[in-house]
2 protein chains.
Amino acid sequence: MEEAREEPRVEAVYRQLKAMAVDFRLRPGERLNEGALARDLGTSRTPLREALNRLVAEGLVTFRPGRGFCCRSLDAESVFDLYELRAVLECAAVGLACARAGDDGIAGLEATLAAQADYAGKTVREVTAGDEAFHIAIAGLSGNGELVRQLQGINERIRYIRWIDMQTRVRTTKGEHRAIMAALAARDAPAAVAAMQGHIAKRMDQVVAAVREGYSSIYVPGHAVLFDRPLAGGSDDAQSRHG
Amino acid sequence: MEEAREEPRVEAVYRQLKAMAVDFRLRPGERLNEGALARDLGTSRTPLREALNRLVAEGLVTFRPGRGFCCRSLDAESVFDLYELRAVLECAAVGLACARAGDDGIAGLEATLAAQADYAGKTVREVTAGDEAFHIAIAGLSGNGELVRQLQGINERIRYIRWIDMQTRVRTTKGEHRAIMAALAARDAPAAVAAMQGHIAKRMDQVVAAVREGYSSIYVPGHAVLFDRPLAGGSDDAQSRHG
DNA sequence: GAATGCCCTTCTGTATACAACGCCGCGTGC
DNA sequence: GCACGCGGCGTTGTATACAGAAGGGCATTC
């Protein structure tokens, strides 16, 4: 079972467009030319517009009647709001997970975390995907499917920022994840929530400050290639070697 | 300035379809015939499908490739998840509002609440709209636009259930709202969060139980007319008169 | 020289046409 | 008698055509 071989045009277009919007290959403020975009994606305008409408509802693309679609912009306020919302949801998730997760679920999460221990040779994209997967897995352990769904929507909108952030913060992430994991394994909800809150809030401060102080060249062309460059470091002991 | 006189077809279609989906005039499980629906709405299939795609992304409509669109269904699990998520978001909102709301914002909210005191002659739809508006206004005072946005999306999905719930619970709502308002005015975040949590959790238990125990005729045809019937009661003193 | 109005181009908004797929009923074969 | 296959009908999926609006450039006028 490689994949469902029946994939409608619009589905492929949708996924491609989403990927383009997430990593800002569609630049904000710039009107998307439907004709050209449809040609590039090898389709017609009808499925293209259907896909774009879905992305509008998800907040990845904006739409102004008569003027067409354009990619969202990431100002400091939106980033702050999204990070704050993410913190709220993830803290709630980990608290619920402490109460509801099965032992096998926690064991599985620990295994996943262990598998991510060595990030040597991985790209920023891959490491960030692992980070996101860890957080989503916790949300999954909360048992609330809607919570997972909302969180995924938020993740898509801040993924670009997390890529940037992850370029410099790889090493501190792991320890914080371990602390969250430990509290979760101990079913210590207050500790888990506190650890999660601290984990996200620290990132939020750094990220929002960066966006606010004019580093709004977050979406510069050519930036994206950095995310596919393998990282230098090895296991988490690398941190002490650098110290 | 009555309204922006330039309203594209798709926008009108979208709002009409959303209204139909919210109050389950589109019945769940039943395939929507695009041709017929387009004819009914006086448009063609293209804008109809664009609107439906937006509703899919919002979770009001589901879509299965090759088989078309149909209205979401509200099983007990979804309702539980949505209420739980709503509680998480609203508790966070009221906590943030305690810290951030301006005095004028709080005054405005108090005025709104006072204006809702008398529900004599109002329909369930109207009273529920007021209830929702109160909660959304609190979220607005949190200063987090994304939080408001997410909450509105959730509200649309559970509005039908709140209509049903509100038929019997009108009177208790008001006192609870006053308690939340008082804690918010006193900037007492823990009390406000606790009041909000209790307010929503109480409703959640009742509502989920009702859905779970086979009262899944929540979306029976003809049910909707009840929501447009004026209520009997008067001001909140009515409660003591009944007691 | 600058500003404003008009025309042209290009793009969006919507309808419609056609192709492909799924669904249902019937017939045939085992 | 049951199951499998086939064909017709209806629906969805996609392309394309056309109309209307927005934006830009040029000319004209003050």
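So that the names make sense, note that chain A is the first sequence line, chain B the second, and so on, each numbered from 1.
Relative orientation of the A:Phe24 and A:Tyr160 rings is perpendicular, given thresholds of 30° and 60° on the angle between their planes.
A donor-acceptor pair shorter than 3.5 Å can be found between the side chains of A:Asn155 and A:Arg162. Side chains of A:Arg203 and A:Thr173: a donor-acceptor N/O pair is present below 3.5 angstrom, by distance only.
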Stepwise side-chain hydrogen bond (donor to acceptor under 3.5 Å, both in side chains) test for A:Ser78 and A:Asp75:
CA-CA 6 Å; A:Ser78 315; A:Asp75 55 307; 2.4 Å; yes

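Among the protein residues, A:Leu32 comes within range of the sugar-phosphate backbone only, with heavy atoms under 4.0 Å from sugar or phosphate atoms but none that close to a base. Contacts of B:Arg31 with the nucleic acid, taken as non-hydrogen atoms under 4.0 Å apart, involve only primed sugar atoms and P, OP1 or OP2. Here B:Arg67 lies in heavy-atom contact (under 4.0 Å) with sugar-phosphate atoms only. As judged by a 4.0 angstrom heavy-atom cut-off over every strand, A:Phe63 is placed among residues touching the sugar-phosphate backbone only.
Taking only distance into account, the side chain of B:Arg45 meets the base of D:dG13 through a donor-acceptor pair shorter than 3.5 Å. One N or O donor and one acceptor, one from the side chain of B:Thr46 and one from the base of C:dT16, sit under 3.5 Å apart.
Between A:Glu50 and A:Gly66, the residue anchored nearer the 5' end of DNA chain D, judged by the nucleotide with its closest heavy atom, is A:Glu50.
Residue B:Thr43 places at least one side-chain N or O under 4.0 Å from the OP1 or OP2 atom of C:dA15.
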